[in-house]
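Presented below is the structure to which this report refers.
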Amino acid sequence: MAANISSDASVTSWTKVCDRFKREFGDDAYQTWMRQLAYNGIDSGTVELSAPTKFVRDWIQRHYAVRIQDFFTSEDPKVKNLAIRLSVRREIKRPEKESEEYDVPARVAVSSPPDEGGALDPKYTFDTFVVGKSNELAYAAAKRIAESSEVTFNPLFLHGGVGLGKTHLMHAIAWEMRKNFPRKRVAYISAEKFMFEFIAALRFKDTHAFKQKFRTLDLLMVDDVQFIANKESTQEEFFHTFNALVDNRCQVIITADRSPTDLEGIQERIISRLGWGLVADIHPTDYELRLGILQSKAEQTANVIVPAEVLEFLARRITSNVRELEGALNRVVAYATLVGRPITMDMTRDVLQDLIRANDRKLTIDEIQRAVADYFNLRLSEMLSQRRARNIARPRQVAMYLAKQLTSRSLPEIGRRFGGRDHTTVMHAVRKVEDLRRDDSALDEDITRLSRLLEA
Ligand SMILES: Nc1ncnc2c1ncn2[C@@H]1O[C@H](COP(=O)(O)OP(=O)(O)OP(=O)(O)O)[C@@H](O)[C@H]1O
């Protein structure tokens with residue numbers, strides 16, 4: 001514990017930090033989280049705070065600690081670290097299971113109903129969801145649930161990486177259900193909120209109301225179920241809720257960032273149940289889908305024309321996820337609107353410098369070899385062989401050329417990766433292809449297309 005460190009000046013800093021927190025994150029976050037912290041002072045450049053429970057501490061650590069430290073540093077540049085310790089616990093009566101989850105901020109409402117459509121985002125509908133190879137199964141399953149009065153598969157488990165449209169699809173189902181079956185009780189809740197409500201119910205000894213609320217639904221959607229990993233008692237309740245709903249022929253839809261079998265820290269029996277119905281994976285987007293999504297978003301952007309080459313450029317370069325892709329388009333549109341100039345390629349590159357750099361992925365020689373072999377209908381083994389037939393040697397030279405152009409590998413290294421060839425062979429291939437590109441427009445086009453594919 002820091003000694004003699006809570007001087008008047010540092011207490012004033014704490015007050016200012018609290019004010020800044022409130023301004024940046026709002027009063028709710030302040031009341032729920034920040035107010036739970038006690039300020040102990042600053043010791044050798046480390047701010048010492050204490051939290052009443054591990055849960056609160058971890059939450060603040062994960063969501064707010066970086067900003068809290070920034071606020072302190074801007075008050076006092078000598079602050080270099082932030083330590084949040086657990087304060088001495090007051091005793092509370094615990095439910096059956098020992099778990100870190102029980103202490104919750106008193107403000108979490110016990111009686112609030114699940115979001116029965118109320119908090120749904122009006123932009124997330126089936127109409128605004130662009131379908132491609134990577135998400136067609138998830139889309140079809142979502143549509144089926146929203147349109148049919150029968151439960152055909154239960155649960156629907158949607159999984160995929162961040163920002164690929166899982167939440168969008170859930171909201172779309174809720175909207176559509178509202179339209180098709182207005183009397184059905186549909187609830188959408190994040191697993192995080194489910195946990196909060198459950199903990200609050202325990203705290204206020206109101207688990208009966210909690211159970212009632214969830215077990216009388218026609219459709220329950222739980223987003224980001226990975227959140228309840230290692231939260232034993234929440235899992236317990238989730239499992240019972242889930243079973244009760246399925247037994248009542250109520251549709252359950254779950255999303256997660258990975259497949260049921262890859263979920264860690266979730267009880268085996270839950271994992272096995274999650275896999276009972278339909279498991280639909282949303283894969284990362286391909287170029288065509290990214291372009292389709294951008295075109296659709298650009299059409300919804302009033303008053304600003306986004307040139308096709310800008311959309312193509314974004315679809316090629318921002319590959320991480322749809323949320324980032326959307327963000328990139330929004331940034332360019334906002335900039336153009338602000339400065340009152342039409343959107344151009346130069347402007348786009350300029351505005352998105354950081355994002356483009358972050359998305360620049362390292363292409364490997366192996367990827368190039370596979371792509372070229374595919375493109376020219378060869379087997380990879382043929383490409384790497386010693387055969388000199390023109391239909392094999394030429395693609396091999398093209399692949400070496402692309403490896404030189406698109407990676408930072410040295411000539412000897414590229415040679416080694418092409419069946420142990422000498423660096424002079426690679427040099428010869430690069431020059432040969434450069435010459436051919438000038439004279440052979442068909443080959444030139446092939447190479448342009450291949451580069452695009454590889455860089456997309
Ligand atoms: N196929 C699509 N068509 C149109 N918009 C999409 C599509 N996929 C994703 N989006 C948009 O991308 C953004 C991120 O999607 P969403 O929030 O649904 O992702 P998520 O998979 O739930 O991510 P997370 O795991 O981070 O919660 C949203 O604005 C959504 O509308």
Side-chain angles (χ1 to χ4, degrees), residues 62-63 115 117 119-146 155-177 187-196 220-229 252-260 262-264 266 274 278-301 306 311 314-315 317-334 352 355 358-359 456:
R62 219 170 324 134
H63 295 88
D115 300 335
L120 293 174
D121 190 323
K123 292 197 302 294
Y124 293 173
T125 62
F126 283 124
D127 286 346
T128 57
F129 191 83
V130 183
V131 187
K133 265 207 277 325
S134 62
N135 58 23
E136 63 188 355
L137 174 62
Y139 173 81
K143 267 287 221 193
R144 163 69 70 87
I145 287 176
L156 168 63
F157 188 97
L158 292 176
H159 70 98
V162 292
L164 292 180
K166 301 181 294 294
T167 306
H168 186 137
L169 274 181
M170 290 244 227
H171 286 218
I173 293 171
W175 283 121
E176 194 72 13
M177 291 277 282
Y188 164 86
I189 190 167
S190 65
E192 183 182 356
K193 189 158 183 238
F194 179 89
M195 185 182 83
F196 266 142
L220 173 66
M221 298 185 270
V222 182
D223 210 353
D224 287 329
V225 80
Q226 73 277 356
F227 187 88
I228 60 169
V252 180
I253 307 178
I254 311 279
T255 75
D257 62 354
R258 63 202 76 172
S259 71
D262 288 336
L263 284 171
E264 283 163 15
I266 304 269
L274 292 178
L278 179 71
V279 177
D281 184 357
I282 304 188
H283 300 279
T285 52
D286 56 20
Y287 171 77
E288 281 75 21
L289 180 57
R290 288 196 294 277
L291 187 59
I293 291 172
L294 285 169
Q295 284 166 343
S296 143
K297 307 268 174 204
E299 275 163 25
Q300 295 160 35
T301 313
V306 191
L311 297 179
L314 295 179
R317 302 303 292 268
I318 314 285
T319 53
S320 42
N321 66 54
V322 183
R323 186 175 293 124
E324 212 158 82
L325 192 64
E326 252 185 342
L329 178 64
N330 290 344
R331 238 157 94 177
V332 179
V333 169
L352 299 178
L355 209 57
N359 273 272

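Both ligands and their constituent atoms are indexed starting at 1 by order of listing. Worth saying up front: this structure is predicted, and the values here are computed from it rather than measured. All residue numbers refer to positions in the sequence shown, counting from 1.
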So, [X] side chain and [Y] main chain: donor-acceptor pair closer than 3.5 Å or not?
X	Y	answer
Thr255	Asp224	yes
Gln226	Asp257	yes
Asn135	Val130	yes
His159	Ser259	yes

Shortest protein contact, [atom] (heavy atom only):
atom	value
atom 11 (C) of ligand 1	Val322 CG1, 3.5 Å
atom 25 (O) of ligand 1	Lys166 NZ, 3.0 Å
atom 5 (N) of ligand 1	Lys297 NZ, 3.1 Å
atom 29 (O) of ligand 1	Glu326 OE1, 2.7 Å
atom 31 (O) of ligand 1	His168 ND1, 2.7 Å
atom 22 (O) of ligand 1	Thr167 OG1, 2.5 Å
atom 17 (O) of ligand 1	Arg323 NH2, 3.0 Å
atom 28 (C) of ligand 1	Tyr124 OH, 3.4 Å

Could an N or O of ligand 1 be found under 3.5 Å from any N or O of [X], whether backbone or side chain?
X	answer
Leu164	yes
Ile293	no
Asp223	no

Residue among Ile228, Ile253, Ile189 satisfying side chain to side chain contact (heavy atoms under 4.5 Å, CB included) with Val222: Ile189
For the residue pair His168 and Phe129, categorise the inter-ring angle as parallel (less than 30°), tilted (30 to 60°) or perpendicular (more than 60°). perpendicular
Please confirm whether Gly163 approaches ligand 1 to less than 4.0 Å, judged on its heavy atoms. yes
Lys123 touching ligand 1 at heavy-atom level, < 4.0 angstrom: no
Are Thr301 and Val306 close enough, and set up right, to give a side chain to side chain contact (heavy atoms under 4.5 Å, CB included), and what steps lead you there? CA-CA 9 Å; Thr301 313; Val306 191; 5.5 Å; no
Does the side chain to side chain contact (heavy atoms under 4.5 Å, CB included) test come out yes or no for Phe126 and Tyr139, once each step is laid out? CA-CA 8 Å; Phe126 283 124; Tyr139 173 81; 3.7 Å; yes
Which of the atoms of ligand 1 are close to [X], meaning less than 4.0 Å from one of its heavy atoms?
X	value
Asn135	1 (N)
Thr128	3 (N), 4 (C)
Gly165	8 (N), 9 (C), 15 (O), 16 (P), 18 (O), 19 (O), 20 (P), 21 (O)
Val130	1 (N), 2 (C), 3 (N), 4 (C)

Side chain to side chain contact (heavy atoms under 4.5 Å, CB included) between Tyr188 and Thr167: does it pass, once the steps are laid out? CA-CA 10 Å; Tyr188 164 86; Thr167 306; 3.4 Å; yes
Heavy-atom neighbours of Glu264 CD exceed 12 at 6.0 Å: no
For Gln295, all residues meeting side-chain hydrogen bond (donor to acceptor under 3.5 Å, both in side chains), sequence neighbours excluded: none
